[in-house]
Amino acid sequence: MCGDLFGRDSGREDIHEEEAMIELKSLIQTVKSLGPVVGRAVSSGQLLEPQCELFEPDPDVLCEYDVEIPVSDGFRLKANIFRSRSAEREGRRLPIIMCAHPYDNHLTPALENTPLGGPPQQYRLIAQEGRPRFSTLTSWESPDPDFWVRAGYAVVNLNLPGYGGSEGPPSVFTPVQARAYHDALEYVAKLPWSTGRVGLNGVSFLAITQFFVASGHGTHGVAPPSLAAISPWEGLSDPFRDVFLPGGVPEEGFPAFWWSTEVKPALTGKPKGFIEVEGSSPPSYSHDHPVFDDWWRAKTPILENIHVPMLVCASFSDHNLHTPGSFRAFERVSSKHKWVYTHRGGKWDHYYSREVQELTKRFMDCFVKGEGDNGFLDVPRVRLEVRSSMDEVHEVRDVDAWPPAGRREQTLMLGADGSLDLAAKNSDRLVMDAQEGELRFAHRFAEGREITGPMALELVLALEADGANGASAPTDVCLFAYVLKRDAQGKLVHFRGSVGSTSSPVTCGYGRAAMRRLDDQHTTSLQPVLAATALEPVEPGEVVKVPIGLAPSATWFEAGSTLEVLIATHEAIEAPPYRKTVTNERGRVVLIVGEGGSGLRVPFV
């Protein structure tokens with residue numbers, strides 16, 4: 001609907017009414033997705049006592065606000081620049097740490113534009129693992145100017161086109177954004193106080209923009225010449241597959257939450273301007289573009305075009321958002337020098353931790369300052385964290401590859417008796433309701449085992465009518481898959497998840513019967529990648545294979561513990577603010593198990 005609406009004559013009398021309906025729908029989705037998050041913040045007291053620590057910056061930090069930066073598309077962006085006063089007096093040139101985002105860089109405690117003069121609002125809403133610590137100059141998910149100025153850098157915090165006072169067309173994941181970032185980076189690199197070398201840093205969208213600009217998105221594959229290194233801290237790299245339509249299943253909760261609380265309030269102009277550029281707002285993306293079309297291709301960076309050194313964070317605690325995309329980036333970028341830092345805690349806790357700040361500084365010193373002899377080149381390529389539960393770290397070790405070498409891939413077959421085992425039994429059929437069905441399968445470990453890497457579930461199934469009211473068999477069904485851990489006593493073991501969740505499974509994934517064709521170029525035995533270019537309805541009586549990719553994880557299963565697979569035709573485990581749009585028709589899903597049937601591909605270490 002939205003795609004048609006904004007192609008019409010702007011003089012149509014009904015346009016304002018339809019815009020209002022779009023906003024109303026977005027508001028309803030936001031309330032549904034945000035409600036549990038706010039409820040948790042209220043009950044915990046976090047709303048009034050945010051989970052972070054602020055401190056005043058060093059007096060040496062020179063703050064320059066709303067510096068105007070011209071770009072080649074003919075408009076001006078605004079950036080905040082932080083430098084050392086002593087370096088300015090002494091005429092010392094500085095390398096740059098830069099970030100770019102749509103979140104309005106004015107929203108900092110130092111400028112008194114945050115709720116109650118405290119930290120950005122997200123620290124009042126989203127549960128943290130600990131208490132991230134940063135200076136009052138720090139905007140949402142951005143590098144702390146105090147830390148980096150002390151470390152001998154300047155910091156440039158850029159508002160992307162159409163946000164926070166920057167001119168230009170507001171959009172997300174677009175060539176226009178990437179091109180503006182490219183131009184702004186080159187502009188600041190040539191300022192008189194700059195050494196001409198720039199490193200990029202930041203969390204979430206501030207990580208995503210790094211993939212776009214470093215790959216030359218919007219500039220014919222040409223990265224900024226002054227770009228020396230990137231450190232994207234947990235960011236998706238394929239909006240379609242990572243968040244808006246994972247497995248082909250539309251996500252409505254997070255886009256509404258993100259649009260209403262973070263993107264829309266930061267717009268320089270009205271939401272109407274964003275919609276005129278994009279065709280619709282993020283809550284409507286999956287509805288307006290249900291398959292991977294040219295519109296989505298324009299929002300997907302070519303990771304293979306990235307050649308600069310990269311230190312990426314890929315956590316196991318952001319399965320519904322950044323986990324797959326961060327690992328995809330590490331695997332696909334062409335950089336000769338690349339490292340990945342993994343964890344299963346809170347993204348902001350780790351990002352602002354002393355350990356990570358110092359690690360990132362050594363990385364930037366090596367490639368941005370040019371201190372190639374500082375030892376960073378000898379750092380192992382993968383920092384791997386394996387957890388036994390939400391708060392118990394089983395092991396942290398350094399390895400040289402992802403997925404780790406020495407793993408053994410095995411397929412656990414789903415059995416009619418609810419078993420999950422290497423030995424396939426006689427073929428059988430299990431039936432579940434196409435709207436509210438659930439099936440569980442379990443494998444108990446006789447000895448301790450580590451499972452590290454992505455997993456792949458292949459479901460062999462058919463769709464049937466339920467026999468009521470003469471209804472025909474459904475031609476499509478959305479499927480939800482969860483991998484759970486139970487301890488030796490059968491108690492469910494929880495892990496940290498996205499947006500502050502403390503009750504997440506080991507991993508999860510989504511599938512859709514009508515979107516089952518694979519992208520042969522990128523699919524591996526453990527990572528099925530959907531082509532997603534068309535919907536192929538299931539014919540009556542047809543047996544099909546539906547692949548479901550399960551996001552990477554690193555988990556220790558003790559002797560006596562159980563790996564459990566839950567397969568459902570509805571969102572069986574809630575994970576607010578995420579909410580999937582499921583419109584499964586009435587009918588039955590017939591799952592083929594046993595010999596020649598459904599199985600889970602697992603990477604045992």
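Everything numeric here is computed off the predicted structure, so don't read it as measured data.
- The two residues M364 and W148 have their closest heavy-atom pair at CG-CH2, 3.9 Å.
- Ring-centre distance between W339 and F330: not below the 6.0 Å cut-off.
- F211 and F173 have their aromatic ring centers separated by at least 6.0 angstrom.
- Here the closest heavy-atom approach between residue A127 and residue Q46 is recorded as CA-OE1, 3.5 Å.
- Under the 4.5 Å side-chain criterion, counting only non-hydrogen atoms from C-beta, V61 is not in contact with R85.
- Surrounding CD1 of I302 are at most 12 heavy atoms belonging to other residues, nucleotides or ligands under 6.0 Å away.
- One finds a salt bridge joining R83 and E64 here, because a Lys/Arg side-chain nitrogen approaches an Asp/Glu carboxylate oxygen to under 4.0 Å.
- Taking the six-membered ring for Trp and thresholds of 30 and 60 degrees, Y285 and F244 have ring planes inclined between 30 and 60 degrees apart.
- Between A100 and T209 the shortest heavy-atom distance is O-OG1, 3.0 Å.
- H106 approaches G164 most closely through the heavy-atom pair CE1-O, 3.1 Å.
- When all heavy atoms of L47 and R124 are compared, the closest pair comes out as O-NH1, 2.9 Å.
- Aromatic ring centres of W233 and W348: separated by at least 6.0 Å.
- Between R496 and the choices D349, D391, D318, the salt bridge (charged side-chain N to carboxylate O under 4.0 Å, His left out) rule is met once, by D391.
- Side-chain contact, N320 with S498: no donor N or O sits under 3.5 Å from an acceptor N or O.
- For the 3.5 Å distance criterion, the side chains of E141 and Q122 fail to qualify, holding no donor opposite an acceptor.
- Residues F316 and H343 keep their aromatic ring centres 6.0 Å or farther apart.
- Counting heavy atoms from C-beta on, the side chains of L160 and L77 never come closer than 4.5 Å.
- Applying the side chain to side chain donor-acceptor pair (under 3.5 Å) test to every pair with at least one member in residues 363-377, sequence neighbours left out, gives these pairs: Y153-D365, K361-D365.
- For Y103 and S139, the side-chain atoms include no donor-acceptor pair closer than 3.5 Å.
- The ring of Y351 has its center no closer than 6.0 angstrom to the ring center of Y341.
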